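The structure appears below as structure tokens.
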Amino acid sequence: MSIKNSIKAISICMIALVGTACLPHEQAIFDSLTPQQQAAVRAHEASKTRSKDCYTAIAKHWPANLHGWARSIVWRESRNIPSAANPRSSARGCFQMLLRYSAPFYAKVGCNNYMWANPDCNAKAAYQMYKVAGKNPWRVY
């Protein structure tokens, strides 16, 4: 069985990550992987779980050296509430990105701007925007 198929089979149960029962052959496949491959499977499964709030999404998707700044922006913009929506503009989500300008950043991370209330999509799109424009989109004038 190829590594790709092994990872797919193992992803179904992931006893080490989520505590669900694996079939004996699935556990055997997982046990046969190198420690690096096992870590990759665990990371893949962890990436599929939705963050509970904006801060959790930042910890998952932003580099550690930017966590403090990103959390301060999220607190100012949305009070750490992923579904925050500005009633006077199209600013939405954790980072209050304007929908009309944020679509390419959502697309780059495999989301779309209608997924703005998903903290992971919003945090990943915001990081893409940060990589292009720095802190400018969140400056206070």
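Owing to the predicted nature of the structure, the values given are computational and were not obtained by experimental measurement. The first residue of the sequence shown is numbered 1, and numbering continues consecutively from there. Side chains are part of it too, since the values below use all heavy atoms of this structure and drop only hydrogens, waters and symmetry mates.
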Problem set entry | Under 3.5 Å donor-acceptor, Q96 side chain and R76 backbone | no

Exercise. Excluding sequence neighbours, so at least two apart, what forms side-chain contact (heavy atoms from CB on, under 4.5 Å) with T56?
Worked result: S51, K52, D53

Problem set entry | side-chain contact (heavy atoms from CB on, under 4.5 Å) involving R100 - partner list, sequence neighbours excluded | none

Exercise. Does the D120 side chain pair with the main chain of A57, one donor and one acceptor, at a distance under 3.5 Å?
Worked result: no

Exercise. Between K60 and T49, is any pair of side-chain heavy atoms under 4.5 Å apart?
Worked result: yes

Seminar exercise, completed: Heavy-atom nearest pair, A117 first then R50, reads O-NH2, 3.2 Å

Problem set entry | ILVMFWY cluster membership beyond Y101 - transitive side-chain contacts under 4.5 angstrom | L98

Problem set entry | Connected hydrophobic set around V140, excluding itself, where side chains approach under 4.5 Å | none

For this session: Just jot down the side chain to side chain donor-acceptor pair (under 3.5 Å) partners of R79, sequence neighbours excluded, or say none.
Result: none

Exercise. If you link I, L, V, M, F, W and Y whenever their side-chain heavy atoms are under 4.5 Å apart, who else ends up in the same group as W116?
Worked result: Y55, I58, W62, L66, W69, I73, V74, W75, F95, M97, L99, F105, Y106, Y127, M129, Y130, V132, W138

Problem set entry | N/O donor-acceptor pair under 3.5 Å between N122 side chain and C94 backbone | yes

Exercise. OG of S72 to NE2 of H67: how many Å apart, nearest 0.5 Å?
Worked result: 12.5 Å

For this session: Spell out, as yes or no, whether a donor-acceptor pair under 3.5 Å connects the side chain of R92 to the backbone of N86.
Result: yes

Problem set entry | Heavy-atom closest pair, residues V109 and Q128 | CG1-CG, 3.5 Å

